[in-house]
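Order of the sequence lines fixes the chain letters, A, B, ..., with proteins taken first and strands second; residue numbering starts at 1 for each chain.
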Amino acid sequence: MRKINGRIMTVMLFSAAILFLAAITISGSIFSDEAMITDFSRKNLAPSLQYLFGTDWLGRDMFIRTLTGLSMSIKIGLLAAFASSIIALALGIISATMGKTADAIVTWIIDLVMGIPHILLLILISYAFGKGFKGVVIGVALTHWTSLARVIRSEVLQLKEATYIKAAQKLGVSKFEIAWKHMFPHLFSQFLVGLILMFPHAILHEASITFLGFGLSPEQPAIGIILSESMKYLAMGRWWLAVFPGLLLVGTVILFDVAGESLRKLLDPSSAHK
Amino acid sequence: MKLEAKNITFRYGKNDKKILENFSLSIESHERVGIIAPSGFGKTTFCKILSGYENAQKGEILLDGKPLSSYKGYCPVQMIWQHPEQAVNPRLHMRDILAEGDEIDERIIKGLGIEEDWMNRFPSELSGGELQRFCIARALGKRTKFILADEISTMLDLITQSQLWSFLIKEVQDRQIGLLAVSHSMPLLENVCTRLVDMEKNI
């Protein structure tokens with residue numbers, strides 16, 4: 001029998017991570033109504049086989065609430081990370097190709113955004129846009145693009161000086177074709193990996209500003225809200241309200257990280273054949 | 001046709017030393033000119049200026065009496081680089097790399113010994129010598145009038161060297177393409193070229 005090599009292993013790891021995340025997102029959306037059901041005949045139950053994560057003081061099933069909250073977080077993370085990486089791509093390319101002034105301006109903006117503590121800027125932007133779903137997405141999108149923009153800028157700068165790009169120019173290849181055929185394949189893998197590695201940040205930051213009360217509104221089942229509400233009950237011995245949702249959040253973040261890292265390994269030519 | 005370099009002066013940085021000073025050279029279409037000089041005398045730099053990759057601080061490059069920069073699109077002066085692995089995009093298939101040349105004849109591909117099987121590979125899956133054949137073929141497009149060969153055979157074994165050079169000499173003779181060859185190997189240049197220029201003595 002053929003031995004399982006590193007590449008197949010990585011593919012399997014990547015698919016498993018993506019599959020699991022998709023399962024959380026879909027099941028969370030399906031159960032979103034059930035997460036709202038309150039039933040006082042079953043309140044404050046400790047975890048059991050029927051209620052895996054226990055129930056809270058309103059008799060809501062915490063397992064379903066957590067799933068719904070996480071799926072909301074993943075959706076926000078996807079949307080925000082996608083918007084953020086588009087900003088990074090645009091600004092990175094502008095700064096690398098449109099001359100010294102454009103470069104100075106973009107670099108200055110990057111330094112500015114990086115210089116302010118992330119969470120502070122996030123709260124400000126989210127608050128300015130009226131909190132809620134919109135505020136969080138805009139806030140996360142506007143704060144997470146900086147490092148990817150730097151990566152793309154340096155990549156384009158390097159590509160511009162590459163001998164094969166210059167040789168293609170001398171062969172009369174048009175600017176568009178050079179950008180599309182020669183540069184895009186190099187940028188794409190960087191971009192995709194940067195995008196996926198941005199999800200965990202986006203999700204964690206969504207959870208934290210919601211936890212602090214500047215994100216989603218309290219009636220939405222979001223992971224940050226679950227955690228901040230359960231704080232009050234921790235002292236009363238209801239540990240399950242915070243522990244399981246917290247663990248699942250950490251698990252989700254790690255899964256995204258695994259997915260991003262394994263994708264990087266698959267796309268990187270130096271490790272692609274291992 | 002005539003390719004002229006007139007009083008070229010060049011330095012990389014503002015305070016760096018001048019690599020070329022008042023250097024002039026002209027090549028006719030029927031000529032094969034060899035350039036010799038020790039390392040660091042600006043042979044590669046001169047090739048880059050002559051094919052428009054770098055602009056000289058002083059002096060001009062004329063092709064047929066017109067400045068080289070006035071030729072838009074395909075450049076009639078094509079340079080073949082010393083390191084073929086840097087001159088091809090590692091993310092493109094060899095077929096696509098070759099397709100960027102100007103309608104490369106089947107005759108050229110056959111003459112250089114490029115095998116059909118190599119076309120579907122990536123540059124990292126070919127050896128230096130195999131890659132260099134692609135680079136030579138790519139530079140021999142329809143509109144090419146001058147070829148600058150910068151140490152193109154340094155990394156090859158003698159049999160491959162002679163195979164590539166005899167093809168190249170025949171090709172440039174048949175098509176009246178001017179050739180400028182740079183090498184450290186005096187015997188090679190004496191065999192290939194019709195005229196030799198010593199950069200050391202010129203400067």
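- At a 4.5 Å heavy-atom cutoff, T144(B) makes no contact with chain A through either its backbone or its side chain.
- Cation-pi check for K170(A) over Y74(B) is not met; the charged atom does not lie both under 6.0 angstrom from the ring centroid and within 45 degrees of its normal.
- Using a cutoff of 4.0 Å between basic side-chain nitrogens and carboxylate oxygens, R143(B) and D102(B) are scored as salt-bridged.
- Looking at N89(B), the atoms closer than 4.5 Å to chain A (heavy atoms on both sides) sit in the backbone and in the side chain alike.
- Annotation: cation-pi geometry not satisfied between K18(B) and F10(B) (NZ/CZ under 6.0 angstrom from ring centroid, within 45° of ring axis).
- Around the CG atom of D111(A), the shell of radius 6.0 Å holds more than 12 heavy atoms that belong to other residues, nucleotides or ligands.
- Only the backbone of Q169(A) comes within less than 4.5 Å of a heavy atom in chain B; its side chain stays farther off.
- For the pair R107(B) and E171(B), the salt-bridge criterion is met [side-chain N within less than 4.0 Å of a carboxylate O].
- For chain B, no part of A162(A) is nearby; none of its heavy atoms comes within less than 4.5 Å.
- Other residues, nucleotides and ligands place more than 12 heavy atoms under 6.0 Å from the CZ atom of F122(B).
- Looking only at heavy-atom pairs under 4.5 Å with chain A, the residue among G101(B), S124(B), A139(B), G52(B) that has the most is G52(B).
- For a residue to count as touching a neighbouring chain, one of its non-hydrogen atoms must lie under 4.5 Å from one of that chain's; by this rule Q86(B) touches chain A with backbone and side chain alike.
- Residue contact with chain A, scored on non-hydrogen atoms closer than 4.5 Å, involves the backbone and the side chain of R138(B) alike.
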